[in-house]
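Working notes for the structure below.
Quick note: numbers below take in every heavy atom, side chains included, and nothing from hydrogens, waters or symmetry partners.
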Amino acid sequence: KTKLKMLNAKIRTSLDRQSTSEKLSSSESMANSVLNVLGEFSQSLRTEKISILEDNVLKGLDILLHKKDFIKKVTIDKETFNVKLYDDNNDEITKNMLSKGELQIYATALVWGLAKTSGKPLPFMIDTPLARLDVEHRLSLVESFFPKTSQQTIILSTDSEIDSIYYEK
């Protein structure tokens with residue numbers, strides 16, 4: 001009887017361990033499923049946000065560049081975040097093909113696109129924004145970018161860069 005009781009206790013202990021192990025295995029399986037779903041959701045959100053960012057950068061370039069229809073498409077690699085620009089023939093426009101002023105406009109459009117995509121009111125601080133720009137790009141920045149940039153924009157410039165005419169605009 002004693003041996004039987006001891007064997008029954010061992011059997012109950014073994015069954016309890018097995019039940020606990022099955023519960024842990026089930027929980028682990030469910031946790032892995034949740035992680036997979038979250039990973040897919042995260043990737044989907046990243047793809048969606050990058051697509052919105054591409055659109056916002058392109059809109060910024062359209063507003064700021066005086067060469068209309070110069071850049072027709074912006075793509076951002078989902079893994080490396082490398083940005084590529086394309087013309088209307090779907091030919092890539094490399095950064096070294098852009099003038100210094102166009103590079104500055106590109107950088108401005110990229111930062112503007114990031115701010116718009118974030119959906120948060122971010123302050124902007126811009127140092128010598130018109131230094132490398134020609135008259136047409138200066139007007140684009142002063143009339144289209146500065147007023148719409150943010151709720152708070154701080155511009156650090158020289159008196160020759162933003163003169164009385166640009167200041168009024």
Only pairs under 3.5 Å count here: list side-chain donor-acceptor contacts from residues 46-53, not counting sequence neighbours, and write none if there are none.
unit_1: Thr47; atom_1: OG1; unit_2: Gln43; atom_2: O; d: 2.9
unit_1: Lys49; atom_1: NZ; unit_2: Thr117; atom_2: O; d: 3.3

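- For Thr80, the side-chain hydrogen bond (donor to acceptor under 3.5 Å, both in side chains) criterion is met by Asp77, Asn82, not counting sequence neighbours.
- Here CG of Leu64 is found 12.0 Å from CG of Leu139. Values are rounded to the nearest 0.5 Å.
- Between atom CZ of residue Phe41 and atom CG of residue Asn36 there is a gap of 15.0 Å, rounded to the nearest 0.5 Å.
- When side chains are defined from C-beta on, Ile63 counts as touching Ser144, because their heavy atoms get closer than 4.5 Å.
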Donor-acceptor pairs under 3.5 Å, side chain of residues 104-115 to any protein atom, not counting sequence neighbours: which ones?
unit_1: Gln104; atom_1: NE2; unit_2: Pro129; atom_2: O; d: 2.5
unit_1: Thr108; atom_1: OG1; unit_2: Gln104; atom_2: O; d: 2.8

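- Hydrophobic clustering places Phe146 together with Val135 (ILVMFWY residues linked when any side-chain heavy atoms are closer than 4.5 Å, directly or through intermediates).
- Here the NZ atom belonging to Lys73 is positioned 10.0 Å from the CG atom belonging to Asp87, to the nearest 0.5 angstrom.
- With values rounded to the nearest 0.5 angstrom, Asp134 atom CG is found 8.5 Å from Ser140 atom OG.
- Looking at Gln152 and Phe124, their side chains never come closer than 4.5 Å, going by heavy atoms from C-beta outward.
- Here the side chains of Tyr86 and Ile71 are not in contact, with every heavy-atom distance at 4.5 Å or above.
- Between Lys67 and Glu102 a salt bridge is recorded (basic side-chain N to carboxylate O distance below 4.0 Å).
- Glu54 and Ile76 get closest at one heavy-atom pair: OE2-N, 2.7 Å.
- Residues Leu61 and Phe70 form no side-chain contact, since every pair of their non-hydrogen atoms from C-beta on lies 4.5 Å or further apart.
- Annotation for Lys84: atom NZ does not count as buried by contact number, only 12 or fewer foreign heavy atoms lying within 6.0 Å.
- Partners of Asp55 according to the side-chain hydrogen bond (donor to acceptor under 3.5 Å, both in side chains) rule, which considers only residues two or more places apart in sequence or in another chain, do not exist here.
- In this structure, the side chains of Lys72 and Leu85 stay at 4.5 Å or more apart for every pair of heavy atoms.
- The CG atom of Leu156 sits 9.0 Å away from the CD1 atom of Ile126 when rounded to the nearest 0.5 Å.
- The backbone N or O of Ile165 sits less than 3.5 Å from a side-chain atom of Asp163, completing a donor-acceptor pair.
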Output a table of donor-acceptor pairs, distance under 3.5 Å, between side-chain atoms of residues 4-16 and any protein atom two or more places apart or on a different chain; print 'none' if there are none.
unit_1: Asn8; atom_1: ND2; unit_2: Leu4; atom_2: O; d: 3.4
unit_1: Thr13; atom_1: OG1; unit_2: Ala9; atom_2: O; d: 2.8

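- Hydrophobic clustering (ILVMFWY, side-chain heavy atoms < 4.5 Å, transitive): Phe145 and Leu103 are in one cluster.
- A distance of 5.0 Å separates CZ in Arg138 from CG in Leu130, rounded to the nearest 0.5 Å.
- Among residues two or more places apart in sequence or in another chain, the side-chain hydrogen bond (donor to acceptor under 3.5 Å, both in side chains) test is passed with Glu136 by His66.
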